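Order of appearance sets the numbers: ligands from 1, and atoms from 1 within every ligand. These numbers were taken from a predicted model, which means no experiment stands behind them.
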Amino acid sequence: MEVKGPKGTMDILPPDSEGWRRVAEKGTALFRTYGYGEIILPVMEYTEVFARGIGQGTDIVQKEMFTFTDKGGRNLTLRPEATAGVARAFVQHHLDAAGLPVKLYYQGPMFRHERPQAGRYRQFSQLGVELIGSPHPSADAEVILVCREFFALLGIEIDLVLNSVGDATCRPAYVEALREYLEKSKKTRCEDCGRRAVENPLRVLDCKVEGCAGIIAGAPGLEGFLCEACREHYQEVEKLLVAASVSFRRDDRLVRGLDYYTRTVFEFQDPQAGAQNALAAGGRYDNLVEELGGKPTPATGFSIGMERVMLAEPRLEEGEDAGVYVMAIGDAARGKAFVTSYRLRCAGIRTDLDHLCRSPKAQMREADRGGFTLSVIIGEEEMAAGCFTLRDMREGTQERVEESDLAETVKGRLERR
Ligand code: HAM
């Protein structure tokens, strides 16, 4: 029987994995520039971290978690997102002790039992940042800027959509108004929205079922319900974004699929993509740290979906395919080729050689296929003279190089390109 990977997962193979690595490295280098340090978290947490953090009434917690009981009878869940885990670690390790704010970034796989489609998987990868400990609009504006800069670096066009979901003072009145409004849509809404309308009406606003689109479009917006403090906070975020020349659109029905958000929420959407158009999303979550047992600590952050970024075809500079292929002409040269490639690799040069005893012509083809820009040729003549022939694969030119100078000469030729 042919064994396949689990539904909704994918294998990322070379050379695609090279593009992935470079995109992720661009992101993490950018995050460090903005003062974020990496946090490496377990991919599983006790289930209650997500149930309490993300919210019992969310689709993620109700339907999408990979949850299991371990041999000790503990209830564990593969993380569907990382923010709750970051907040858990923040509380557990008293990260506030060294002063606030604490700025963290992470990368890695997340797991949600969703129906797979283009841009939606059961295992997917996120890059994200969390700025913990500041209630100020400048923190919201900073994380939005970091995220926008990431897309700018990759030449990906995105629309920034922004909103405020208010706080415990003003949101209840909005939720009530929404509940009342949803009473009228009993016949047309989907089954899930029937449940949501009762348990958690805000979740109706991010229903993706076609039949519910009209209901969402006619729903009251959040803007008119915000209290003075939330309104001012939101306006200040907008002001800072305008000052930084960031363009955005307000959608006052934008809410997010996780319950921990307060005030600012945002999405970076791909204008070309279909249903799964959010390439990144985030917002403020002022109650999450307290919810997980810490002191009241305001926070904000975002996560980028790597698979969706890759589908948007990020622009990367010419690949780093430079390197050298060591060719043995004749069996007598194979041992020499083996040791020579080892020495070149020790010098930090990307090097490969033939392991299938191929003909010189076939080795030349392999060098081409691997994107090597130089080859070192070792034949009888070279063995007798104690030197090598270095060939520039693109120009077709060749030169003789002494064995002792080989690594330095190769490095020099590669840098010149
Ligand atoms: P989220 O909106 O659930 O937010 O996910 C963030 C991003 O992850 C989405 O915009 C999307 O690009 C990607 N994503 C989500 N689900 C899938 C999936 N099934 N397949 C592929 N990509 C997916 C969060 O996760 C929050 N933790 C964001 C945050 C950080 N808020 C504050 N800090």
Worksheet entry | Close aromatic pair by centroid cut-off 6.0 Å: Tyr105 and Tyr36 | no

Discussion item. Within the supplied structure, the quantity of interest is the number of heavy atoms (other residues, nucleotides, ligands) at a distance under 6.0 Å from Met310 CE; does it exceed 12?
Written reply: yes

Practice prompt. Measure up the Phe31 and Phe302 rings against each other and bin them: parallel (under 30°), tilted (30 to 60°), perpendicular (over 60°).
Written response: perpendicular

Worksheet item: Below 4.0 angstrom, N of the basic side chain to O of the carboxylate: do Glu290 and Lys295 qualify?
Response: no

Worksheet entry | Residues in contact with ligand 1, criterion: heavy atom under 4.0 Å | Glu81, Thr83, Tyr106, Arg112, Glu114, Gly119, Arg120, Tyr121, Phe124, Gln126, Glu130, Arg256, Leu258, Tyr260, Tyr261, Ala278, Leu279, Ala280, Ala281, Gly282, Gly283, Tyr285, Gly301, Phe302, Ser303, Gly305, Arg308

Discussion item. Please list all pairs meeting ring pair (Phe, Tyr, Trp, His ring centres under 6.0 Å) that have one or both residues in residues 178-207, counting only residues at least two apart or in different chains.
Written reply: none

Worksheet entry | Lys/Arg-Asp/Glu bridge criterion (N-O < 4.0 Å) met for Lys103, Glu142 | yes

